[in-house]
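In this text, all values refer to a predicted model and were calculated from it rather than measured experimentally. In what follows, chains are A, B, ... by sequence order, proteins preceding strands, each numbered from 1. Reckoned from all heavy atoms, side chains included, excluding hydrogens, waters and symmetry mates.
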Amino acid sequence: MHEKLITDRARITQRVRDFFTDNNFLEVETPIMVDIPGMEPHLTPFETTDGKFLNHSPELQMKKLLGQGLKRIFNITKVFRSGEKSNTHNPEFTMLEWYRLNADYKDMMTDCENLITSLTDKYSKPFKRKTCQELFQEHLQIDLTSDNFAEEAAKHIDVSQLKTWDEIFFKLFLNFIEPNLGPEPIFVTDYPASQAALAKTKGFFAERFELYINGLELANAFSELTDATEQRHRLEEEQEERRQMNKTVFPIDEEFLSALDSIPEAAGIALGLDRLIMVLLDKKTIQEVILFS
Amino acid sequence: MSSTTHIVKGIAIAFKHGTWLVTDAQFVSPGKGSAFTRTKLKNLKTGQAIDHTFRSGESVETVDVQRNKAQYLYSDGTDFHFMENDTYKQFSLSADAVGDMKKYLLDDTDCYILKLNDNPVSVQVPAKMEFTITSTPPGERGNTATGGNKEAVLETGLVIKVPLFLKEGEKIIINTENDTYVSKA
């Protein structure tokens with residue numbers, strides 16, 4: 001373990017805290033061990049011997065706090081995702097999340113720009129912004145809302161083993177778009193509504209964005225869905241998806257749904273702190289920036 | 001004869017009318033979707049390298065590739081000459097077929113030869129290899145903004161990041177999978 005890395009990590013984390021404190025955010029702590037983890041069908045939480053789960057995101061707890069009237073909150077916490085290991089993934093990693101009441105995803109983009117330019121002078125504001133639809137048109141001449149989406153996709157990739165619209169979307173995105181996003185920061189915005197179970201939607205698309213730097217996904221943000229009825233419906237759909245994938249079906253977190261009733265408008269974001277440190281320290285792998293890896 | 005399997009590093013696959021060696025396979029997760037595997041593929045005929053991302057679990061058709069121990073002998077300027085250890089048979093590969101591997105090849109280097117239907121098509125090197133540093137800036141302190149590392153040029157011309165305490169002429173071990181410093185030799 002490198003002494004330089006230990007001090008660099010501490011310095012960056014401190015400056016992140018300073019940024020949020022200076023902007024009147026309150027730092028909160030959320031549990032690492034929970035009764036009901038998030039429902040995302042493609043994430044697998046670690047289960048403890050007494051039937052609890054290690055949280056894979058503090059998102060639900062953060063929204064419960066918003067429901068209590070807190071206006072600006074942030075959290076730096078460990079999260080866990082079973083089976084995720086690569087040069088840019090570690091099963092245990094550090095997540096930075098922040099939420100704003102009476103805000104939307106555009107406010108989160110501004111926060112990202114301000115945070116990152118407060119940590120480095122490598123990049124300047126404003127960061128580039130492109131919608132998914134624009135990127136698919138630009139790189140593949142494909143209209144995401146087209147009825148012939150799968151046929152159009154088949155001109156570029158083998159779709160024979162893909163089961164859903166979303167899988168085709170991701171295979172195209174990962175092969176033709178993500179590698180061409182470039183080294184500069186860019187917000188990829190307005191994802192298909194099917195990929196944003198906790199976000200506010202507008203027709204085919206959702207108010208969701210991801211921040212990429214160096215082609216690496218750093219953060220995922222939404223204008224939060226605050227309609228409890230609609231949220232219940234989407235969680236039920238995800239329960240069904242988990243059932244079909246033979247995964248553990250978690251109960252619906254009623255405390256979370258009732259918190260939504262007290263939230264007018266809100267926006268939130270999850271940013272992988274280790275990946276941000278990779279970008280700031282110019283490291284190629286996440287293992288190089290984690291102290292005990 | 002062929003079979004199908006999930007994609008992993010080290011296998012050879014039939015893909016896009018060619019035979020490709022999977023030189024890297026990394027898990028990627030787009031967050032709100034299934035897991036994918038990002039691979040680096042090397043065409044075993046032309047040496048062309050491409051990236052392709054498969055959905056994890058997608059089946060691919062495998063191709064049987066023989067892997068034999070060999071020794072790199074020399075380059076005549078166009079081709080690279082090798083000798084197979086078991087048979088002492090000599091053969092050559094084009095610069096394209098050797099591709100990126102040439103940055104690890106010194107005369108008499110131990111390596112592996114990959115053969116497709118008995119034809120040598122590509123070369124692989126061990127995961128850990130020893131090299132001598134031919135040049136690197138002096139100084140223990142260096143630029144602290146670069147994480148306590150500096151650049152070093154190795155005998156083959158390969159440039160890698162090494163800790164500040166290393167000097168010219170020292171022997172080091174590197175990891176050829178990602179061109180990183182492992183230890184002093």
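No more than 12 heavy atoms of other residues, nucleotides or ligands lie within 6.0 Å of NZ in B:Lys184, so this atom counts as exposed by the packing criterion. In B:Lys9, the NZ atom is crowded: over 12 heavy atoms of neighbouring residues, nucleotides or ligands sit closer than 6.0 Å. Within a 6.0 Å radius of CD in A:Glu230, more than 12 heavy atoms belonging to other residues, nucleotides or ligands are found. Within a 6.0 Å sphere centred on CG of B:Asp107, other residues, nucleotides and ligands contribute more than 12 heavy atoms. Counting heavy atoms of neighbouring residues, nucleotides and ligands inside a 6.0 Å radius, atom NZ of B:Lys40 does not exceed 12 of them.
At a threshold of 4.5 Å between non-hydrogen side-chain atoms, the residues B:Phe36 and A:Lys171 count as touching.
To the nearest 0.5 Å, atom OG1 of residue B:Thr180 and atom CD of residue A:Glu288 are 7.5 Å apart. The CD1 atom of A:Ile157 lies 11.0 Å from the CZ atom of B:Phe54; values are rounded to the nearest 0.5 Å.
Between the A:Asn175 side chain and the B:Thr53 main chain, a donor and an acceptor come within less than 3.5 Å of each other. Judged by distance alone, with hydrogens and angles left aside, the side-chain atoms of B:Arg55 form a donor-acceptor pair with the main-chain N or O of A:Gln161 at under 3.5 Å.
In this view, B:Arg67 satisfies the salt bridge (Lys or Arg N to Asp or Glu O under 4.0 Å) rule with no residue, not counting sequence neighbours. Here A:Glu178 pairs with B:Arg38 under the salt bridge (Lys or Arg N to Asp or Glu O under 4.0 Å) rule; sequence neighbours left out.
Contacts of A:Asp282 with chain B are absent, with no heavy-atom separation under 4.5 Å from either backbone or side chain. Both the backbone and the side chain of B:Ser59 come within contact range of chain A, judged by heavy atoms closer than 4.5 Å.
The shortest non-hydrogen separation linking B:Gln26 to A:Ser86 is OE1-CB, 3.0 Å.
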request  = In sequence, state the C-alpha distance, the side-chain angles, and the governing distance for B:Glu58 and A:Leu162, and then conclude on side-chain contact (heavy atoms from CB on, under 4.5 Å).
outcome  = CA-CA 8 Å; B:Glu58 228 177 302; A:Leu162 304 179; 4.0 Å; yes

